[in-house]
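Take a look at the structure below.
Worth knowing before you read on, the calculation uses all heavy atoms, side chains too, and leaves out hydrogens, waters and symmetry mates.
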Amino acid sequence: LLSNSPDPDTRAAVQDVLDAVFENAGGIGLLQDAALLASVFGHVDFLLRTDALFAAPIPTSARNDPRAALDFAHLLRLEVIEPTRAVPLLDPDDFRRLSAYLIHFTRPETPASTARSRTTSDADASTARTGFLAALRERIVPASGPSAADTGVLEIFTAAHHQRYEDGRLVIDSPNTLGALPVVHIQNLAQPFRYQGLSEVEPLIPLQDELNTRLSDRANRVTLQSFKLLLAKGLDDDASVRSISPGQVWLTSNPDASIQAFGGDAASPSEDNHIQQIREAMDKASAVNALAAGLIRARVGQLSSENALRITLLGALKKTTRKQVAFGKGLARLAELILLALDRAGLFPTGPADRAVTVQWPDPIPRNERDRLEAARLKVQLGVPRERVLAELGYSPNDAAIT
């Protein structure tokens, strides 16, 4: 995440604050979770919780101090919302805008949570410990009786208010000091005129079902129907050779005697072709070919060349580029909301130009190191900011090399 602020000191401060907020939220693990949910459901939503930041007492000495903002960055909670728990309310005049955002889920009511909700006296502390141990024991060894009733939780976020209901009771009703809806919606793959994006898993479900059916039919035939039989002809009529089975040696004086094997699982070219075509259709639908998945089925030649790799992985690279556009725009909007929250809290004053962020994606195809360094040197000579050039090379803008 590269800041586009015109002031160098502000750019460095923005980098530090954004790194602190994202690392506190899980770092790359948070982004991997978001990418997984987006691939399955077609879209993912980020929620920025600012209640703790605006409720925290901020000393006068820490106000308008970018360095002090790092001490309060952990109060900003960044969450990934599972699409099955979210109910977006779209603007009736523009489907791309959210009027409100609802989150509904059930929370199990345990003795531990009940005990923690009481006052913190000595007797209550003892009760809390007892309730915690009882809840832990019940989780390890579930009771045979009915479980505790779940609590239904409903949260409503708008640009002006935040409300939270538990079993229909209003427990939180606070104004939204941020002044904007703290939700960032990201489509996995763009779908025109739709709030939801395109899922990568849904198109593969019927193909996977067909493949499972064909493989199950083959397994059933091999296991229950394909028996290998042995036919003995011309052997001596002796009781010792009447039992024909593998792993035995027979002796006879008849030169015309023979033992022939027949039956078993015979070759089925049409079935093999059908299974192969299903797998190729899955590769085409997912844009991930066998080579990208690590399955090299044949000799593919010399792929050390950058251009050869790009041609071979063209489908996967094209889809990755499309996703980078959507995720890059969403992450930039998320960074803007983080900086806006710190500005409204009086910790880190920034303007609209200071909150602009560019997402720099690394190249998935390895390039020649000498060529990369030469291209970076030419970019610096042309006037490209040094921080951006170092980010393209894989170095953090906060590295000591910049200073």
Side-chain angles (χ1 to χ4, degrees), residues 32 35-42 188-189 198-323 364-366:
Q32 289 178 344
L36 177 60
L37 291 175
S39 299
V40 174
F41 294 98
N188 179 58
L189 292 173
L198 294 175
S199 170
E200 298 180 42
V201 176
E202 186 176 0
L204 302 179
I205 293 178
L207 293 175
Q208 185 65 54
D209 289 342
E210 177 67 16
L211 179 61
N212 292 341
T213 302
R214 300 282 75 81
L215 294 179
S216 298
D217 291 345
R218 170 184 286 183
N220 180 75
R221 185 184 69 252
V222 172
T223 305
L224 302 178
Q225 300 178 12
S226 301
F227 299 101
K228 187 175 183 180
L229 304 179
L230 299 174
L231 176 63
K233 297 187 299 182
L235 296 181
D236 296 336
D237 188 12
D238 190 355
S240 61
V241 298
R242 288 179 182 176
S243 176
I244 306 298
S245 61
Q248 293 186 359
V249 178
W250 299 277
L251 178 65
T252 180
S253 59
N254 185 2
D256 297 328
S258 65
I259 298 178
Q260 297 178 353
F262 64 94
D265 185 27
S268 180
S270 60
E271 183 183 54
D272 295 338
N273 291 336
H274 184 47
I275 293 177
Q276 181 65 24
Q277 290 171 1
I278 296 175
R279 288 175 172 168
E280 292 177 354
M282 294 181 66
D283 294 341
K284 184 178 181 179
S286 63
V288 180
N289 55 25
L291 180 62
L295 303 175
I296 302 179
R297 302 175 183 173
R299 298 174 61 184
V300 293
Q302 182 68 22
L303 292 179
S304 60
S305 169
E306 174 188 343
N307 293 329
L309 282 174
R310 289 188 182 277
I311 294 175
T312 306
L313 306 177
L314 186 61
L317 293 176
K318 202 67 177 177
K319 176 177 284 189
T320 302
T321 303
R322 293 176 59 191
K323 296 178 68 173
I365 297 297

> With a 4.5 Å heavy-atom cut-off, do K323 and E200 have their side chains touching?
Replying inline: yes

> Nearest heavy-atom pair of A285 and L207: which atoms, and what distance?
Replying inline: CB-CD1, 4.4 Å

>> Determine whether Q277 and N273 satisfy the following criterion, side chain to side chain donor-acceptor pair (under 3.5 Å), listing intermediate values before the conclusion.
In response: CA-CA 6 Å; Q277 290 171 1; N273 291 336; over 6 Å; no

>> List the residues meeting side chain to side chain contact (heavy atoms under 4.5 Å, CB included) with S258, not counting sequence neighbours, and say none if there are none.
In response: K233, Q260

> Under 6.0 Å from the CD atom of E202, do we count more than 12 heavy atoms belonging to anything else shown?
Replying inline: no

>> Using 0.5 Å steps for rounding, measure from the CZ atom of R279 to the CG atom of D283.
In response: 9.5 Å

> Short question: side chain of S199, backbone of S39 - any donor-acceptor pair under 3.5 Å?
Replying inline: yes

> By side chain to side chain contact (heavy atoms under 4.5 Å, CB included), which residues pair with A257, not counting sequence neighbours?
Replying inline: L235, T252, N254

>> Looking at every non-hydrogen atom in both residues, tell me the closest pair between V40 and V201 and how far apart they are.
In response: CA-CG2, 3.9 Å

> Should L211 and Q208 count as side-chain neighbours, where that means a heavy-atom distance under 4.5 Å?
Replying inline: yes

>> Could you measure the distance from the CD1 atom of I275 to the CD atom of E280? Nearest 0.5 Å is fine.
In response: 12.5 Å

>> Restricting to side chain to side chain contact (heavy atoms under 4.5 Å, CB included), what partner residues turn up for R322, sequence neighbours left out?
In response: L189

>> So D272 and Q276, do their side chains get closer than 4.5 Å, heavy atoms only?
In response: no

> Which distance, rounded to the nearest 0.5 Å, do you find between the CG of N220 and the CG of L215?
Replying inline: 12.5 Å

>> Tell me the closest heavy-atom pair linking L198 and N188, and the distance in Å.
In response: O-ND2, 3.0 Å

> Does R214 pair with D209 as a salt bridge, N-O distance under 4.0 Å?
Replying inline: no

